[in-house]
There are 2 protein chains.
Amino acid sequence: MTSNPIEQFEASAQLFKALAHPARLAILDILRDGEQCVCHMEAVLGFRQAYLSQQLAVLREAGILQDRREGWNIYYRIVREDVLNILHTVHSSLPEQIPSAKAHSCDCPKCKRKDAPAAEPQTFFMANQAG
Amino acid sequence: MTSNPIEQFEASAQLFKALAHPARLAILDILRDGEQCVCHMEAVLGFRQAYLSQQLAVLREAGILQDRREGWNIYYRIVREDVLNILHTVHSSLPEQIPSAKAHSCDCPKCKRKDAPAAEPQTFFMANQAG
DNA sequence: TCATCACATTCAACTCCTTGAATGTAATTG
DNA sequence: CAATTACATTCAAGGAGTTGAATGTGATGA
């Protein structure tokens, strides 16, 4: 098993395949600061809801994201530390980085009018740490 | 320019797209130790020559590899430090790593019978450093 | 210049990814 | 339980990646 060079790198290739899309990288860029609800990403990125949900599904099925329901909203977060490191490496090599307004708690009208809980900045995921 | 979230991550997505293939990851794994001729990769990986050349072209056109001719042989090397860092990150998170025989100078029969120059272990590329 | 070696490129069939449109579902409110 | 909210899933057409087969190209040696 995993004797040939193809099988040996299949898993890594699958990971990179999930990252090989600008929309999904934009999603992960938002989630680097911590978990966010879907409506927040929808407002910040300007994607249609169904489209955003499709891209989230790809990242979820790749094991990169995990979701958590809280009433009407569903919050996504990055659950793979190596992905955070990879994103950091790539962003460091970029010519310039746009700060963007995504760092704010939650500017989207949907979240604001419902006074949703803001995302707390985290180093990595604090859940899933032996409950 | 680069105002929308799609354009902003296009370049990174292109990079990941080039990495999203097990054969190309196997190639890069060999080149992590330094430059190697095509016949070496052909022997170690067991790929057909044309197939290997196609995958090398993808990595070359993505700006990840650079080639250098030396007589009959063409030597490839990694010219992007961020890619080396990304590969290191991914390999660190893998469950187990197969040492493999790729670290040896050049075991392939073609290279051996011609007594080709062995690959010298390098930290990063030493060429392209202001000539 | 012709034959050979090492490697690159083109082509075509196939598969996988992309993405808009439509529809489905769990939680909440009344 | 019916309506609403927030999000997920399915479907299909178009586009892009994959890969075997055939062919092309530059360097070397006679």
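What you see is a predicted model, and the numbers here were worked out from it, not measured in a lab. Letters A, B, ... are given to chains in the order of the sequence lines, protein chains preceding strands, and every chain is numbered from 1.
- Remark: R24(B) is not in phosphate contact with dT19(D), judged by side-chain N or O atoms under 4.0 Å from OP1 or OP2.
- Looking at heavy atoms from C-beta onward, L19(A) lies out of side-chain contact with V90(A) at the 4.5 angstrom threshold.
- Between I74(B) atom CD1 and dT25(D) atom P the separation is 15 Å, expressed in whole Å.
- Of all the residues in residues 49-58 of chain B, Q49(B), A50(B), S53(B), Q54(B) reach under 4.0 Å from DNA chain C with at least one non-hydrogen atom.
- Across the protein-nucleic acid pair, F47(B) atom CZ and dA6(C) atom C1' stand 18 Å apart, rounded to whole Å.
- A single hydrophobic cluster is seen to contain both I27(B) and I6(A), as judged by linkage of ILVMFWY side chains at heavy-atom distances under 4.5 Å, directly or through other members.
- Ring pair H91(B)/F9(A): centre-to-centre distance below 6.0 Å.
- Note on N73(A): every side-chain N or O is 4.0 Å or more away from OP1 and OP2 of dT5(D).
- Contact check, R68(B) against dC7(C): no side-chain N or O comes under 4.0 Å of OP1 or OP2.
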Report each atom pair, protein N/O against N/O of nucleotides 24-29 of chain C, whose distance is under 3.5 angstrom.
residue	atom	partner	partner atom	Å
dA27(C)	N3	W72(A)	NE1	3.2
dT28(C)	O4'	W72(A)	NE1	3.0

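- Residue L19(B) contributes atom CG, which lies 12 Å from atom P of dT18(D) at whole-angstrom precision.
- Using a 4.0 Å heavy-atom cutoff across all strands shown, Y76(B) reaches sugar-phosphate atoms only and no base atom.
- Dashed line: the shortest gap from a side-chain N or O of R48(B) to OP1 or OP2 of dG20(D) is under 4.0 Å.
- With hydrogens and angles left out, the side-chain atoms of Y75(B) and R69(B) include no donor and acceptor closer than 3.5 Å.
- Within the 3.5 Å criterion, the main-chain N or O of N85(A) finds a donor-acceptor partner in the side chain of T89(A).
- For R68(B), the side-chain hydrogen bond (donor to acceptor under 3.5 Å, both in side chains) test picks out E35(B), E70(B), with sequence neighbours left out.
- Taking atom CE of M41(A) as the reference point, atom C1' of dC7(D) lies 11 Å away to the nearest angstrom.
- Protein atom CG of D67(A) is 11 Å distant from nucleotide atom P of dC7(D), rounded to whole Å.
- In this structure, the side chain of R24(A) engages the main chain of A18(A) through a donor-acceptor pair within 3.5 Å.
- Summarising the geometry, the separation between NZ on K17(B) and P on dC16(C) is reported as 17 Å, rounded to the nearest angstrom.
- The CZ atom of F16(B) sits 18 Å away from the C1' atom of dG17(D) (whole-angstrom rounding).
- L28(B) is not connected to V58(B) by any chain of hydrophobic side-chain contacts under 4.5 Å among Ile, Leu, Val, Met, Phe, Trp and Tyr, and they are in different clusters.
- Comparing dT19(C), dC7(D), dT18(D) by their closest approach to the side chain of V38(A) singles out dC7(D).
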Let's go through R60(A) and D67(A) carefully: what are the C-alpha distance in whole Å and the side-chain angles of both, what is the deciding distance for side-chain contact (heavy atoms from CB on, under 4.5 Å) to 0.1 Å, and is it a yes or a no?
CA-CA 8 Å; R60(A) 176 160 33 83; D67(A) 57 340; 4.0 Å; yes
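- Following rounding to the nearest Å, I27(B) (CD1) and dT19(D) (P) show an atom-to-atom distance of 12 Å.
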